[in-house]
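Nothing fancy with the numbering, it's 1 onward along the sequence.
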Amino acid sequence: MNRGLILKFENLVQLRGACRQLRTLSYRKVYRAQWKPVQSSAHPVWSVLLYPQFWQKDKLISIALSQHRHLATKEETKKKKKKIPLTKGEVEIRQKMTIEELARAMGKDIDHIYEALLYTDIDLDSLEPDSILYEDHIKLVVKKSGMKYKSAKLKEEKERENTDAVKRPPADPAVLTPRPPVVTILGHVDHGKTTLLDSLRKTQVASMEAGGITQHIGAFLVHLPSGEKITFLDTPGHAAFSAMRARGTHVTDIVILVVAAEDGVMQQTIESIQHAKNAGVPLILAINKCDKPEADPERVKKELLAHDVVCEEFGGDVQAVNISALKGENLMVLAEATVALAEMLELKADSTGLVEGTVIESRKDKGKGPLTTAIIQRGTLRKGCVLVAGKTWAKVRFMFDENGKAVDAASPGIPVEIMGWKEVPSAGDEILEVESEQRAHEVVAWRTYVEQQERMKRDVEVIEAKQKEHRMEYEKKQQKLAHLTWRQRKAVLYKANKHLMFLKPKERTEVDKNVLSVIVKGDVDGSVEAILNILDSYDADDECKLDILHFGMGDISETDISLAEAFNGVVFGFSVKANESIKQLAAKKGIKIKLHSIIYKLIEDLKDELNSRLPPSVVENTIGEASVLNIFSVTVGKNKIPVAGCRVQKGLLDKKMKFKLIRNGDVVWKGSLSSLKHHKDDVQVIKTGMDCGLSLDKDIEFSIGDEIICYEEKEVQQATSWDPGF
């Protein structure tokens, strides 16, 4: 019975070994027809010889294996027949061929390609048959093989039909109707722009702004007592919001330039004048804060002459109105001047047909989703209209005025907040109405396609530039090693790069220690844009690299925290919130969340973070100075030790501190003292005016007149050299 069990067990083991060989063959790429069965120690030959009754099963297994060999051989033969025939000794090449594809194109085996690649800078150990080769290496392999090459003709891609939406042709003058003027208020920060608009609207906008500074564009429709309507755009005056001011001037008809009577012309005042000139928009000068004792309106007018802003009293065409926005003085005079200029401009628009407009601002609302503030420039916007802006579209669900009240329609010149966007469009995008949702999808698909093509083109240019740079570096290295054989060159390169190959992952990350990774979240698109524009001016990568991981609109989310954790980053939020659960998650993961409502405070906080990433600098703080008056030596055992007789001129000498020896203005030695004596007694401290004898921890000959400096080293936190400009 035991013998029978043993026979069955050996039979199973033998069958299992044969199956394992079959499985191995099925997964292994067979390059040769020959195959040798591997004997396993689990079923030795003597077991087959002792029990011939199991030979029949072994024969069946061997038959199956031979069939497998036959099939593999046929497949291999087919592969060999697929070689691309050569035409007149030329090899047809293309970009990014694999080693296997190049071998087939040349009619060679893979080993031949490997041999040719020995003449390149490629690491052969990292290559596989499916590894991709760059065009330079492909050409070199073909040349080394004594062949010529020609570039393969690219398959001409069928030209895609342009399905973009475009503006309608100019309207017939007969259908044009008068529209409200769009007026942009520009000027330096804190010169009273929002207060002026506040007085016109009789609301408290300025008190709601963080720090009394406008953080994004506000579009408002103001009804004057005379019945006239004026659409006002209140742009930020802070230096960071240059792009938003420029955007405001491109959708406006008139610019009111606000200048404080006591401050005069400032930096953003000059910039605002330039924006108005670039847009070709007429100016009205509002000299604010004229109620203050130090106000000097005449000085303001004269300063503006230097910037080609000539008031009417000096023979120019710019109206100047002295106002006090806080007290409401002369505001009606300013409004009448604006209406009069608008009448001269004869502002009219077509209120029929498909809608055209411009996105002034965009943001994400927790309850309403993506929202945009827009100025309608043509047509009448109603609920249900299908709009396209940038690479997103909307079916208008609701519209709101500046007070949050729902409206049914918006005609040209009227600001309105639009709800129903699929994604948040960028501020400044052109809004166009299309016939249907299907048409909107076509437009968005086309614009996405165009952007992808442009990005691919830019990527190819960058890759080619990098390849050229690497090629030049490689050629320089090869020239230095030209006198060596290829094996010697490989050995030299290996020795040069060996320390990089054996770096531990932890050591690799320490190389990039001076990196600040940030995530920027803002309330509206314009605010995020302003912050990114400031960060674009960062020019201190040699001190600490600034890496923007992600930016967007809306409150801080769990995704932001996870991303910051992955890159050891910091989350900066501008006029957004982080709920308690997000704050707890961030605290648990050790992620900093910096929330701000004033932009310059956010930038200051970011600079502090940059400073904290910089390595501290070591500063030497001098404690005492002594002069060498005499030189002698002391014998200790068989050694003579040089000793300097000194007098402390300033401060004190402390043996525990560090010392340096200065001769003729040059530092000869740095280190510590081996002995410090006063009247043959060992001491720790020598004060000003006292004499002493000292020896160094290194045998250095003294000279009369040498200076001994006692100092301590302190680590001082460095500050980044980056200047954001405000």
Side-chain angles (χ1 to χ4, degrees), residues 510-511 513-516 538-546 600 603-726:
E510 285 176 358
V511 177
K513 187 178 179 181
N514 291 348
V515 178
L516 175 60
Y538 184 72
D539 55 0
D541 277 336
D542 55 329
E543 299 171 350
C544 179
K545 187 179 177 184
L546 181 62
Y600 65 80
I603 300 302
E604 285 175 1
D605 202 347
L606 190 140
K607 283 186 71 175
D608 291 341
E609 280 295 325
L610 284 168
N611 293 340
S612 68
R613 302 291 172 114
L614 297 178
S617 60
V618 178
V619 177
E620 292 182 359
N621 183 24
T622 301
I623 295 172
E625 299 175 6
S627 299
V628 177
L629 303 178
N630 201 359
I631 305 167
F632 50 94
S633 60
V634 176
T635 303
V636 178
K638 294 182 180 181
N639 299 323
K640 284 188 176 182
I641 299 172
V643 176
C646 304
R647 180 171 293 161
V648 180
Q649 306 291 345
K650 187 178 179 182
L652 56 88
L653 302 186
D654 189 341
K655 190 180 177 183
K656 294 183 293 184
M657 297 298 174
K658 293 186 177 181
F659 289 79
K660 58 184 175 181
L661 176 64
I662 297 177
R663 182 176 299 156
N664 299 325
D666 297 326
V667 177
V668 178
W669 163 87
K670 276 188 174 183
S672 57
L673 300 182
S674 60
S675 67
L676 179 63
K677 295 190 176 186
H678 178 64
H679 297 312
K680 298 184 179 181
D681 296 325
D682 289 325
V683 292
Q684 286 294 324
V685 177
I686 300 292
K687 297 182 179 178
T688 305
M690 296 174 64
D691 294 335
C692 65
L694 57 85
S695 59
L696 312 180
D697 60 359
K698 188 175 181 182
D699 290 342
I700 293 178
E701 294 296 330
F702 293 102
S703 296
I704 295 174
D706 286 351
E707 292 182 21
I708 306 291
I709 306 295
C710 176
Y711 68 95
E712 64 176 346
E713 291 182 346
K714 284 187 176 181
E715 289 188 349
V716 179
Q717 183 61 56
Q718 292 189 68
T720 178
S721 60
W722 173 50
D723 182 14
F726 57 86

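At most 12 heavy atoms of other shown residues, nucleotides or ligands fall within 6.0 angstrom of atom NZ in Lys545.
Nearest heavy-atom pair, Thr688 versus Gly651, reported as atom, atom and distance to 0.1 Å: OG1-O, 2.5 Å. Shortest non-hydrogen contact noted between Lys714 and Glu712 is CE-OE2, 3.5 Å. The shortest non-hydrogen separation linking Leu676 to Gln684 is CD2-O, 3.7 Å. Taking every heavy atom of both residues into account, Cys710 and Met657 meet most closely at SG-CB, 3.6 Å. In terms of heavy atoms, Ile641 sits closest to Val636 at CD1-CG2, 3.6 Å. Here the shortest heavy-atom pairing between Lys640 and Ser633 reads CD-OG, 4.5 Å.
Side-chain atoms of Cys692 and Lys677, non-hydrogen and from C-beta on, never get closer than 4.5 Å to each other. Taking the side chain as every heavy atom from C-beta outward, Val667 and Leu661 never approach each other to under 4.5 Å. The shortest side-chain heavy-atom distance between Phe702 and Val643 does not fall under the 4.5 Å cut-off. Counting heavy atoms from C-beta on, the side chains of Phe659 and Leu653 come closer than 4.5 Å. Side-chain contact between Leu673 and Leu696 is present, with heavy atoms from C-beta onward closer than 4.5 Å. The shortest side-chain heavy-atom distance between Val668 and Ile662 does not fall under the 4.5 Å cut-off. Using a 4.5 Å cut-off on side-chain heavy atoms (C-beta onward), Trp722 and Asp541 make no contact.
Summarising the geometry, atom SG belonging to Cys646 is positioned 9.0 Å from atom CG belonging to Asp691; distances are rounded to the nearest 0.5 Å.
Counting only residues at least two apart or on different chains, the side chain to side chain donor-acceptor pair (under 3.5 Å) pairs with a member in residues 654-670 are Glu620-Lys660, Glu620-Lys670, Lys658-Glu713, Arg663-Asp706, Trp669-Asp697.
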What pairs of donor and acceptor atoms, side-chain ones from residues 623-632 against any protein atom, are under 3.5 angstrom apart with sequence neighbours left out?
none

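Among residues two or more places apart in sequence or in another chain, the side-chain hydrogen bond (donor to acceptor under 3.5 Å, both in side chains) test is passed with Asp699 by none. Not a single salt bridge (charged side-chain N to carboxylate O under 4.0 Å, His left out) links Asp539 to another residue, sequence neighbours left out. For Ser617, there are no side-chain hydrogen bond (donor to acceptor under 3.5 Å, both in side chains) partners at least two apart in sequence or on another chain. Legend: residues meeting side-chain hydrogen bond (donor to acceptor under 3.5 Å, both in side chains) with Glu609, ordered by chain and number and at least two apart, are Lys592, Lys594. Listed by chain and residue number, Glu543 satisfy the side-chain hydrogen bond (donor to acceptor under 3.5 Å, both in side chains) test with Thr720 (two or more places apart in sequence, or in another chain). Residues satisfying the ring pair (Phe, Tyr, Trp, His ring centres under 6.0 Å) criterion with Tyr711, sequence neighbours excluded, are absent altogether.
Between the side chain of Ser674 and the main chain of Ser695, a donor-acceptor pair closer than 3.5 Å is present. The closest donor-acceptor contact from the side chain of His678 to the backbone of Val683 lies at 3.5 Å or more, if one exists at all. Listed for the Glu701 side chain is no donor-acceptor partner under 3.5 Å among the backbone atoms of Pro642. Judged by distance alone, the side chain of Arg613 and the main-chain N or O of Cys544 form no donor-acceptor pair under 3.5 Å.
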